[in-house]
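A note on names: the letters A, B, ... follow the listed sequences, proteins ahead of strands, and every chain is numbered from 1.
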2 protein chains.
Amino acid sequence: MQPSDSLREQMIAQYDAMSPQLQQAARYVLEHPEEVALVSMREVARLAGVQPATMTRLAKFLGLPGYDELRAHYAAALRQGGDGFAAKVRQRVDGGSETVASDIAIHMLQGLSAQLAKLCEPDSLRRLEATADRLRSARKVYVLGLRSSHAIAWHFHYVMTLLGERSVHLDGPGGTGGDALIRATPEDVMLVISIKPYATGTLELAQLAKEKGVGIVSITDSEVSPLVALSEQAIFCPTESDSFFHTLTPALAVSEVLCSLLAEFDRPKTLEALQQADDHLSHLNTWRSPTLSATLGQ
Amino acid sequence: MQPSDSLREQMIAQYDAMSPQLQQAARYVLEHPEEVALVSMREVARLAGVQPATMTRLAKFLGLPGYDELRAHYAAALRQGGDGFAAKVRQRVDGGSETVASDIAIHMLQGLSAQLAKLCEPDSLRRLEATADRLRSARKVYVLGLRSSHAIAWHFHYVMTLLGERSVHLDGPGGTGGDALIRATPEDVMLVISIKPYATGTLELAQLAKEKGVGIVSITDSEVSPLVALSEQAIFCPTESDSFFHTLTPALAVSEVLCSLLAEFDRPKTLEALQQADDHLSHLNTWRSPTLSATLGQ
DNA sequence: ATTTAAATGATTTATTTGTTGCAAACATCT
DNA sequence: AGATGTTTGCAACAAATAAATCATTTAAAT
C-alpha cells in the first residue's frame, strides 16, 4: 500500500486537474483506503460526502474501467498488509486463455515462497520453539506420519538418526508400524504429522500413545485439526496450493527447522554425532566422494 | 486479529458440533479471514466449496443475526490490521532480545523462502518444463532417491500413484530396490534425485539404467553434479542452509511442481484418476472424514 | 449577456447480493 | 424395516448495488 501505490501517486499528481467533487472523493479515498476495500461504493460516497456517481467518475478519471477495479486495488493492498505476505496463493489464473506450464510453475513457487515467509510470524515461531523444547526433553521421540505425511516423518527421523539414537520411526512392513510403541513411557514424546484429510491410522495410533501417557506434539494444518485435541503442542503450516494436491513443502520446512533447533541446542554433541555418522558411512563407501561432516544431509 | 478474537475461538470450540458443510465453511473462514472481509458472501462460499446458504447458516450457528455481522467482524479486524501490520513488525523488533531459537528459525525460513523465489528464474522454469515434458512421454517412470533424497522420491511416487500406474519406486527391503529395472526399456524414463554428497548406490543404478537405454532426468544441486553427465534433463535446486544440514525443501517444491505440471497436462484424466483413488481409499476407511477429490493430497 | 462546455445531481436499469422456504437426501432411533 | 429429525442443495425473492442515462446547474468564453 505504501510503496509504489501507483493509483495513490496518480491521484496526487492529477489532483489539481480534478473537479471539486472529484477532489473531495479523491481526498477521502487517499485518507481512508481501507474503507474503499471494505464497504460499498455508495457507503464510501456517503462518507466522503459526494454522490455515488462521483465515485464511478473518479475511477474512470483514473483510467480504470469502473469502480470495481478501484476497490480491487485497495483490497489487494489490504490483503498484503493484513496477513503479511501470504496472500499470493489464491486466485487461480482465470485469464481464460490457455495457461502455460511456466505460469503454473511460477504461481506455485511464489505461493510456496509466501507461505514459508508467513511461517515467520511470531505465533508460528513461538510454537516452533515450544515444540522443539518439548522434543528436547523427551527420552525417546516416536515419529508418526502416514500416507503423504510419511515423507516428512521419514525425513525427520532420518536426520534425527544422524544426530543420535532417540528417534523411532513408527513405520514398518506388514502393518507392524505401531509395534514400537509397546514399550513407550510417559517420558517419551510422539511427533505426529498429519494434514487433511487425516488418516484414521494416524489418529488411532496417536490416541493410543496418549493413553499410555506419551506426550504428543504435532505438525498439522489447522486449529481445527483433530490432532489439536490430542497434542500438547501443535505447529500449523499451510497446505493450500493452486494445484490439484495439497503441498507438503511448508511442512517439510517446519520439520527441518525443528531438526535445526534440536541440533543447535547442543552444538558439541551434534558435531560429535555427525562425525560418528560420517565415519560409519565412509567405511561403507556410501558416498561417491569424500565428504566433510559439515556437508552431511544425505 | 489473533488475540481475543471471540468469533475465532467460538468457531474452534464449537467446530466439532457443526455439520460437515458448516465445518468446511468454518475452516475456510478460519484460514482466510481477510477474504471474508473483502469479497462477497457468494464468492466466499464458492472459494470454500459450499453453498451460499451455508455461509448464512454458519453465521446464525454462531449466534449472529446474519452474515453481514460476520463480515463486519472480520472487516473490523482488518481495519486494525492495516496499520496493525506495522505493529506486528514493531513487536518483533522492539522485542530486541528475541530468543536465539527464534532467530535461527527466522533465518532458515526466510532463506528457504528466498530460495523458492529464486526457482522462478527463467532458466529454472525452462528446465522444469522440459523435464515435465520428458516425463510425460515416458511409458513408465522409475523414481530413484536414496538416503535423504528418499523422502522426495517417495513423495513424488506417492502422488504419481494417485494419478495413474506409470510410476515405479526403486526402493525395497533387503536391497532389492533396483530389481524393478529388470524389465526397463528405452521407452521408460528414470527420475533421479540426489544431492551432495551423492550416494554411490544412486549413481550406480542410474548408470545401469542409462546403459539399458532408459532416459534419465534428475533433480540435483549443481551443474557439476555427477548426475548431469547421465541426464537428458536436470533441474538444479539450492540446498544450502545455515543449519548443520542441507535443506531438501526446494527439492520437494520442485517435485511438487513437476507433479502439478504432469497433472495439469490432462485435467480430465487427472480428475478421473483422483476420483478413482478417492473411491478406493474411502472404501478402506482410510480417512477420518469424508473427503472431496479436490482435497486429495494425503 | 448569451452561448457553450463541463460538472453535478437525479433517475433508471440490469446485476448482484444476502436471505428464506421447500423438498430431497441422509442419518438415527425405535 | 419404518418413522423422525437433521442436513443439504436448489430456486425464488426482495433489497441493495454499480453503472448508464438524462436533466439541471455552474462556470467560462466570446
Please report, rounded to the nearest Å, how far the P atom of D:dA11 is from the CD atom of B:Q51.
-> 9 Å
Spacing between A:M55 atom CE and D:dA18 atom C1', to the nearest angstrom | 12 Å
Pair B:E256-A:S243, side-chain hydrogen bond (donor to acceptor under 3.5 Å, both in side chains): steps then yes or no = CA-CA 9 Å; B:E256 289 188 332; A:S243 83; over 6 Å; no
Starting at atom CG of B:D68, determine the distance to atom C1' of D:dA16, rounded to an integer number of angstrom.
-> 10 Å
When every non-hydrogen atom of A:K212 is compared with those of A:I182, the smallest separation belongs to NZ-O, 2.8 Å
Pair A:E43 + A:R46, salt bridge at N-O below 4.0 Å = yes
Nearest-angstrom distance from the residue atom OH of A:Y67 to P of D:dA18 = 7 Å
Where protein sits on nucleotides 20-25 of chain C, one letter per nucleotide: B base, S sugar-phosphate only, - none, heavy atoms under 4.0 Å = BB----
Strictly under 3.5 Å: I want the nitrogen or oxygen pairs between protein and nucleotides 12-17 of chain C, one per line.
| from | atom 1 | to | atom 2 | distance (Å) |
| --- | --- | --- | --- | --- |
| C:dT17 | OP1 | B:S40 | OG | 3.2 |

C:dT8 P sits how many Å from A:Q23 CD, rounded?
-> 9 Å
Is any NZ, NE, NH1 or NH2 atom of the basic residue among A:K118 and A:D123 found under 4.0 Å from an Asp or Glu carboxylate oxygen of the other?
-> no
Here the distance between atom P of D:dA19 and atom CD of A:E69, to the nearest Å, is 8 Å
Indicate yes or no for a side-chain donor-acceptor contact from B:Q10 to the backbone of B:L62 under 3.5 Å, with no hydrogens or angles considered.
-> yes
Which part of the nucleic acid does A:P20 contact within heavy-atom distance under 4.0 Å: base, sugar-phosphate only, or nothing?
-> sugar-phosphate
Atom-pair distance (CZ on A:F61; P on C:dT8), nearest Å = 11 Å
Do any side-chain nitrogens or oxygens of A:S19 fall under 4.0 Å of OP1 or OP2 in C:dT8?
-> yes
How long is the line joining CG of A:L64 and C1' of D:dA18, in whole Å?
-> 14 Å
Tell me whether the centres of the aromatic rings in A:H169 and A:H150 are closer together than 6.0 Å.
-> yes
Are OP1 or OP2 of C:dG9 and a side-chain N or O of A:Q21 less than 4.0 angstrom apart?
-> yes
